[in-house]
Amino acid sequence: MTVGLTHYLVLSTLLFCLGLFGVLTRRNVVAILMGIELMLNAANINLVAFNRYIAPGAVAGQTFALVIITLAACEAAVGLALVMAAYRTLETIHVDEIDVMKW
Amino acid sequence: MGELAAFIILALVTLIPAVVVVTSKNIVRSALSLIPTFLGVTGIYILLSAEFVAGIQVLIYAGAITVLILFVIMLTEGGTGVRVRQVNEQVPLGATAAVWLGFLILLVIFRTTWPVTGAGPPEYSAATIGTAFLTDYVVVFEVTSLVLLVSLIGATIIARRED
């Protein structure tokens, strides 16, 4: 039995669901960002696996995986800057306590 | 057979630390568990013969993003104590949602016949990817560079201490 496309898709599904669980249940903003990184990694595995098994002649999947890695770095930088700003003004990084706009 | 063994080992290296990331009570342990997860994904890329993406994954994810996360944990020490409750009250709901979504996606994966080509992996190289970036995907490339610049400036302005 060789490794096929389905193996990679199942792996990325499991990784995505773990990331989703982390995003839905964590209070700490940094931990929520970690969950988002896991989900982005799952998407990247999908892109590269489809590139390898469906269209091996092109590099479209790898190209977009690289773009997603770049955007994940941007998202982490901006998100963590927001965490720093929120911590300085509200002195908490728990999302259920950041409710100043909640009426 | 060797490929399957390598895949299973890499999948375990990816998934077991990922479980620690989302369940650990200690936020520093979560952040450090991200590193084996990212390295496992790197091995998956190498198994898919995408060596350039694997290199970038090590540099940016395992190197830069993990260090960034650890720095922010260090700077926001008020929320990182081990005795601080790290999960909110919707753990059962979140687990149900994640399990159901995973079940649905797996159902779709196994019921679809994928148009897999039997061809072996061609020789991907950094030169091929670079040529693709500057010919077919040049708009994507330029917009990404713009996004990088904007996020650099935006992160600096947001995180700046206002005096």
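Per chain, numbering begins at 1; letters A, B, ... match sequence-line order.
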Student: Considering only heavy atoms from C-beta outward, does the side chain of A:T70 approach that of B:L148 to under 4.5 Å?
Tutor: yes
Student: May I ask you to name which of A:V83, A:L80, A:L20 has the most heavy-atom pairs under 4.5 Å with chain B?
Tutor: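 Going by pairs under 4.5 Å, I would pick A:L80.
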Student: Could you tell me which portion of A:L5 (side chain, backbone, both or neither) has an atom closer than 4.5 angstrom to a non-hydrogen atom of chain B?
Tutor: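 Only the side chain of A:L5 comes within 4.5 Å of chain B.
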Student: Say whether, by atom type as modelled, one donor and one acceptor occur between the side chain of B:Q90 and the main chain of A:L24 under 3.5 angstrom.
Tutor: yes
Student: Most heavy-atom pairs under 4.5 angstrom with chain B, which of A:L15, A:T63, A:L14?
Tutor: A:T63
Student: How far apart are the closest heavy atoms of A:R26 and B:S24, and which atoms are they?
Tutor: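 For A:R26 and B:S24, the tightest heavy-atom pair comes out as NH2-O, 2.8 Å.
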Student: To check you understand the geometry: which heavy-atom pair defines the closest contact between B:L48 and A:I45, and what is its length?
Tutor: CD1-O, 4.5 Å
Student: Can you tell me how far apart CE (A:M34) and OG1 (B:T66) are? Round to the nearest 0.5 Å.
Tutor: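 Result: 9.0 Å between the selected atoms.
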Student: Show your reasoning for whether side-chain contact (heavy atoms from CB on, under 4.5 Å) applies to A:V67 and B:F141.
Tutor: CA-CA 8 Å; A:V67 172; B:F141 182 74; over 6 Å; no
Student: If you check every heavy atom in residues 97-107 of chain B against those of chain A, which residues fall under 4.5 Å?
Tutor: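 Within residues 97-107 of chain B, the residues that come under 4.5 Å of chain A (heavy atoms only) are B:A97, B:A98, B:L101, B:G102, B:I105, B:L106.
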Student: Does any backbone or side-chain atom of A:F16 lie under 4.5 Å from a heavy atom of chain B? Answer side chain, backbone, both or neither.
Tutor: side chain
Student: Taking every non-hydrogen pair under 4.5 Å, which of A:A85, A:G4, A:A76 racks up the most with chain B?
Tutor: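 Max contact count across the listed options: A:A76.
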Student: Rounded to the nearest 0.5 Å, how far apart are CD1 of B:I27 and CG of A:N28?
Tutor: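 Answer for the CD1-CG pair, B:I27 versus A:N28, is 4.0 Å.
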Student: Give the member of A:T92, A:I54, A:L33, A:V78 that has the highest number of heavy-atom pairs under 4.5 Å with chain B.
Tutor: A:I54
Student: Is the closest side-chain heavy-atom distance between B:V72 and A:Y87 below 4.5 Å?
Tutor: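 No - every pair of side-chain heavy atoms lies 4.5 Å or more apart.
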Student: Is chain B contacted by the side chain of A:L18, its backbone, both, or neither, given a heavy-atom distance below 4.5 Å?
Tutor: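 Answer is both: backbone and side chain atoms of A:L18 are under 4.5 Å from chain B.
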Student: Chain B: which of A:I69, A:V30, A:V23, A:D96 shares the most heavy-atom pairs with it under 4.5 Å?
Tutor: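 With the most close heavy-atom pairs to chain B, the winner is A:I69.
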Student: Show me the donor-acceptor pairs within less than 3.5 Å that the side chains of residues 37-44 of chain A make with the rest of the protein, sequence neighbours left out.
Tutor:
unit_1 : atom_1 : unit_2 : atom_2 : d
A:N41  : OD1    : B:Q57  : NE2    : 2.9
A:N41  : ND2    : A:E37  : O      : 3.3

Student: Taking all heavy atoms of A:A65 and all of B:V53, pick out the closest pair and write down the distance.
Tutor: CB-CG1, 4.3 Å
Student: Quick one: closest heavy-atom pair of A:R52 and B:S49, and the distance?
Tutor: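 Taking A:R52 first and B:S49 second, the nearest heavy atoms are CD-OG, 3.9 Å.
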Student: Is there a side-chain contact between B:F133 and A:V59 (heavy atoms, below 4.5 Å)?
Tutor: no
Student: Please report the shortest heavy-atom distance between A:V10 and B:I109, naming the atom on each side.
Tutor: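 For A:V10 versus B:I109, the nearest heavy atoms are N-CD1, 4.3 Å.
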